[in-house]
Q: 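My structure is below; once you've seen it, I'll send some questions.
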Amino acid sequence: MPSVQNSNDKFRWILETGWKGLCPRCGKGHMFKSWLKVTDSCECCGLDYRFAAPDDGPAFFSLCLIALPLIFIVVWIQVAYSPPIWVHLVTSVPIMTAGCLLPLRPIKGWLVASQYVNRSQEAGTERLWNQLHGRTKGSNFDD
């Protein structure tokens, strides 16, 4: 990871690498091996992605930040204009589907990059991670 001077640079790095699906360590390798499947390791710097655990975060953020506003728009259209059902099938369903599915990859990329940059791990698991990966106390993901 290039030298990150402050939290603003850190945030910019997370957004850039996450949006583009690039390795959060080197910024060159690919983070994904398919649409939403995180690769095992970076082909450029060898970063092991076993630390990455975004779980249901991308779906949660997609639903809360994108689906809810879209639902309000669809309901407003229904209340204001009372269009026939086929109008919703042709407009609302594709917009809702695309609006919820397309942002999943960048959101997942942001979460994985954020986990790496902030060295996040589940509370109380540092000793176990160090044992599993043969690291000394105080090591981090870069080792």
Side-chain angles (χ1 to χ4, degrees), residues 1-80 83 85-143:
M1 178 170 68
S3 64
V4 176
Q5 306 302 330
N6 58 36
S7 61
N8 215 9
D9 292 339
K10 221 185 215 188
F11 183 69
R12 192 173 306 120
W13 180 255
I14 289 168
L15 289 180
E16 181 182 331
T17 57
W19 179 263
K20 295 177 181 177
L22 299 174
C23 174
R25 180 195 281 168
C26 67
K28 295 179 182 131
H30 296 95
M31 184 185 301
F32 298 100
K33 61 180 166 186
S34 64
W35 186 55
L36 286 176
K37 181 76 172 160
V38 177
T39 190
D40 297 327
S41 63
C42 175
E43 70 267 15
C44 294
C45 68
L47 175 66
D48 186 354
Y49 281 97
R50 285 185 286 184
F51 70 87
D55 301 327
D56 292 333
F60 171 79
F61 287 115
S62 180
L63 289 173
C64 289
L65 300 176
I66 297 160
L68 279 168
L70 288 177
I71 287 171
F72 286 117
I73 292 169
V74 170
V75 169
W76 175 78
I77 290 170
Q78 179 60 38
V79 171
I85 191 73
W86 67 267
V87 172
H88 285 298
L89 290 174
V90 172
T91 58
S92 302
V93 171
I95 289 170
M96 291 290 291
T97 303
C100 290
L101 293 179
L102 292 178
L104 286 177
R105 184 173 174 151
I107 292 171
K108 188 169 190 171
W110 292 334
L111 291 173
V112 170
S114 180
Q115 286 177 332
Y116 174 77
V117 169
N118 295 306
R119 297 184 175 141
S120 63
Q121 62 186 14
E122 197 169 331
T125 62
E126 181 179 6
R127 194 181 98 234
L128 177 61
W129 271 96
N130 288 336
Q131 286 175 346
L132 287 171
H133 301 293
R135 298 178 181 148
T136 60
K137 185 175 174 107
S139 295
N140 59 37
F141 296 133
D142 277 336
D143 296 341

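Small disclaimer: the values here were computed from a predicted structure and weren't measured.
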Q: Using every non-hydrogen atom in the two residues, find where L22 and G27 come nearest and quote the distance to one decimal.
A: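 Scanning both residues, the minimum pair turns out to be CD1-O, 3.3 Å.
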Q: In Å, rounded to the nearest 0.5 Å, how long is the span from CG of L36 to CZ of F32?
A: 6.5 Å
Q: Going by ring pair (Phe, Tyr, Trp, His ring centres under 6.0 Å), name the residues that satisfy it together with W35, two or more places apart in sequence or in a different chain.
A: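 In terms of ring pair (Phe, Tyr, Trp, His ring centres under 6.0 Å), with neighbours along the sequence ignored, W35 is linked to no residue.
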Q: For D55, enumerate each residue passing the side-chain contact (heavy atoms from CB on, under 4.5 Å) test, keeping only those at least two apart in sequence or located in another chain.
A: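 Only A53 meet the side-chain contact (heavy atoms from CB on, under 4.5 Å) criterion with D55.
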Q: Is a side-chain donor or acceptor of N118 paired with a backbone partner of S120 at a separation under 3.5 angstrom?
A: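 Not at all, since once roles are kept as given, no pair shorter than 3.5 Å links the two residues.
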Q: Keeping K108 on the side-chain end and P54 on the backbone end, is there a donor-acceptor pair under 3.5 Å?
A: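 Not confirmed, K108 side chain does not pair with P54 backbone.
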Q: Minimum heavy-atom separation for C26 to G29, with atom names?
A: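 The answer is SG-N, 3.5 Å.
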Q: Does any part of the side chain of F11, heavy atoms only, come nearer than 4.5 Å to the side chain of L15, both counted from C-beta?
A: yes
Q: State, to 0.1 Å, how close A113 and T17 come at their nearest heavy-atom pair, and which atoms those are.
A: CB-OG1, 3.5 Å
Q: Pairs under 3.5 angstrom only: tabulate donor-acceptor contacts from the side chains of residues 90-104 to other protein residues two or more places apart or in another chain.
A:
{"residue": "T91", "atom": "OG1", "partner": "V87", "partner atom": "O", "Å": "2.5"}
{"residue": "S92", "atom": "OG", "partner": "H88", "partner atom": "ND1", "Å": "2.9"}
{"residue": "T97", "atom": "OG1", "partner": "V93", "partner atom": "O", "Å": "2.8"}

Q: How long is the span from the CG atom in L111 to the CD1 atom in I14, to the nearest 0.5 Å?
A: 10.0 Å
Q: Strictly by ring-ring contact (aromatic ring centres under 6.0 Å, His included), give each pair with a member in residues 89-115 just once, sequence neighbours left out.
A: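 Listed once each, the pairs are W19-W110.
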Q: For K28, which residues count as a salt bridge (charged side-chain N to carboxylate O under 4.0 Å, His left out) partner, sequence neighbours excluded?
A: none
Q: If you round to the nearest 0.5 Å, how far is OG of S114 from CZ of R119?
A: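 It is 13.0 Å, given to the nearest 0.5 Å.
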Q: What residues, two or more places apart in sequence or in another chain, satisfy side-chain contact (heavy atoms from CB on, under 4.5 Å) together with Y49?
A: C23, P24, M31, V38, T39, C42, L47, F51, V112
